[in-house]
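These notes concern the structure reproduced below.
Whatever order the structure lists ligands and atoms in, that order sets their numbers, starting from 1. Heads up: numbering here begins at 1 and tracks the sequence. Everything numeric here is computed off the predicted structure, so don't read it as measured data.
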Amino acid sequence: MTTSSEQTSNQSTEQSAQQNKDRVVLAYSGGLDTSVAIGWIGEQTGKEVIAVAVDVGQGGEDLDVIRRRALDCGAVEAWVVDAREEFASDYCMPALKANALYQGTYPLVSALSRPLIAKHLVQAARRFGAGTVAHGCTGKGNDQVRFEVSITSMAPDMTCISPVRDLALTRDVAIDYAERHSLPIETTKHNPFSIDQNVWGRAIETGFLEDLWNAPTKDVYSYTDDPTYPPLPDELVITFEEGLPVAIDERPVTPLEAIQEMNRRAGAQGVGRIDIVEDRLVGIKSREVYEAPGALALIEAHRALEAVTLERLQLRYKRHLESTWSDLVYEAQWYSPLKRSMDAFIADTQRYVNGDIRMVLHGGRATVNGRRSATGLYDFNLATYDSGDTFDQSSSRGFIEIYGLQSKLAAARDVRTGHGMGF
Ligand code: ARG
């Protein structure tokens, strides 16, 4: 995968940004479907196509190769962006601060990348003067909703189309088209799964996984090794500042490096495999397999540090908000007013989330076994049962008296009215 920046990989492709209703910006992956979509959109709509490829850590081909292929397939412009740092800092880190897990389980891998890709699509549309944005999603999933709602939340004047959904570009049609036009793309290789992967994790669907009783086979996984044959335990220390991982084993890391290192180390221990049936926004229940070793280990560590540093009511409220935040992001509301307001709340809660978390990665589990914070609310002298105890136990008597008062009154009423527990 290339590390080339936006500037070096897009030589002189830019045009003046006058709005041109006859141009379409296409979210381009370099694969069969979107390669065919370039010419297909041209034929079906009469518009010129600009291909935009955004690297969020999909792995695979070099961005320059993808750019070249887009032009060979008939794109009038091809724009590629290495957005991995931006994705890690501006999309994965907010998800970490929110301990985001949709339906308590799924760390929003694909749901996080769509708003970022949408942002680059809108930027490219402005730059190259396009009035339409196209994407390769089908009409059955969440991703079509995330792309289009994100796009129109940023650019209300933009029109969205999906060639698969709106222009009858089925797989068979795509293969036939690619062969007839001798497009420089393989048509024979067919992956049995639909896979979407990025820095935060990997999503695997379809194929034999559609039978809920079928267990995932080994070939489904690539970010994680088999947790039943783990190597020796891996113990590490993650340092957080204001909720963000800033060092691992005392070595300073950027957000992207933190995720990548945790993916590698937690992945080697088989941490982060998920097999669930999830509720899609469009109403379908679907079988999903995910691997997100770094994300799940980081969330575990972050939650443990919040337990030390957040005030009790703030922590309780934040845990409720986290599940709503996750629902919103899953359901295409990344750029919504409510999500923005929630981010302000979350940012405020992270002020004192500083310190070290020690954890052991082993056998598919990431287990916290030590925490240390200069800004925590843990007070050893209050908590200790040894000498040095500063907690005034005598004040607990009065506290319990008042705390249990209403339950006591209710119990007395039950007895009076014949509904007592019979003791
Ligand atoms: N179900 C997940 C989501 O909606 C993953 C979607 C992944 N997309 C794919 N083409 N495999 O976020």
Charged N-O contact under 4.0 Å between R251 and E261: yes

Nearest non-hydrogen protein atom, atom 10 (N) of ligand 1: S194 OG, 3.1 Å

Check ion pair E322-R319 (N to O, under 4.0 angstrom): yes

Heavy-atom nearest neighbour in the protein, as seen from atom 4 (O) of ligand 1, with distance rounded to 0.1 Å: N142 ND2, 2.6 Å

Atom 8 (N) of ligand 1: nearest protein contact (heavy atom, Å): D143 OD2, 3.4 Å

Proximity to ligand 1 by part of R146, non-hydrogen separation under 4.0 Å: side chain

Ion pair K119/D90, N-O distance below 4.0 Å: no

Check ion pair E331-K339 (N to O, under 4.0 angstrom): no

For atom 7 (C) of ligand 1, the protein heavy atom that lies nearest, with its residue and separation: S110 OG, 3.3 Å

Ring pair (Phe, Tyr, Trp, His ring centres under 6.0 Å) contacts in which one or both residues fall within residues 272-296, not counting sequence neighbours: Y106-Y290

Heavy-atom nearest option to atom 12 (O) of ligand 1, drawn from Y106, Y330, Y290: Y106

Presence of salt bridge, D157 and R126, under 4.0 angstrom: yes

4.0 Å heavy-atom contact, E278 with ligand 1: yes

